[in-house]
Amino acid sequence: MSENTMALHKIPARHGVVVPVSRRDEILVVNTHGTQVLDTWAFNRDDLGEHMSMEHTRSRLSRLTPMAGDTLYSSRRNPILSIVEDTSPGVHDTLLCACNAEIYRELGCAEGHRSCEDNLHEALASLGLEIPFTPGPLNLFMNVPVDAEGCLQRAAPRSQPGDRVRLRAEMEAIVVFSACPQDVTPINGTECTPRDAHYSLVPAGDE
Ligand SMILES: [Zn+2]
């Protein structure tokens, strides 16, 4: 299937989507406006207790940030996703937790501000699934530079409109994307405005 004929599905600004995948399926993730961070999770479809783990991935890769060609590992050190292609500058974050209600309370936002943590659990609930925890996400396009003193900055994404990351499932998995609702810090761009992003599911053998 050529990229021109693939159906693009919306990841609505401030909301999440769930994408069940089979091994070798690919997901093309498009940063439509260039500035939107996408918190990304993956779970073993047969056992949600096994999930994509940034600490295991950093340990296996000996890198802070995975690159095109890298495998992403589960909490049991099994390959769960891999990055096949990345047309962005490759700036993604593996260090920060998902935003949640407590963070927005600390920032002085009104109650009910949407969060990536809520988006994850809402997306899983749409399939009748529930987990009692929130794994650390792969924060696609999130720009969190680490300086020489080990301090973390929160900067605008370096990606451009249309930049894309192609992920491949390495097991039967449930993938969740959250278009981060953060509108206080510049993590979703200096306009502090969450935007839609898009994805396509490319079934295995359908290239
Ligand atoms: Zn978020």
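Both counts, for ligands and for their atoms, begin at 1 and track the order of listing.
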Does the pair R166/E26 count as a salt bridge with the N-to-O cut at 4.0 Å?
yes
Between D93 and R154, does any side-chain N to carboxylate O distance fall below 4.0 Å?
no
Protein N/O/S atoms closer than 2.8 Å to the Zn ion (ligand 1):
C99 SG, C116 SG, C180 SG
Please lay out, stage by stage, how H198 and T32 fare under the test side chain to side chain donor-acceptor pair (under 3.5 Å).
CA-CA 7 Å; H198 291 83; T32 313; 2.7 Å; yes
Residues 181-201 vs salt bridge (charged side-chain N to carboxylate O under 4.0 Å, His left out), sequence neighbours excluded, gives K10-D196, R14-D183, E191-R195
In the structure I gave you, are the side-chain heavy atoms of E85 and V165 within less than 4.5 Å of one another anywhere?
no
Okay, side chain of T57, backbone of Y73: is any donor-acceptor separation there less than 3.5 Å?
yes
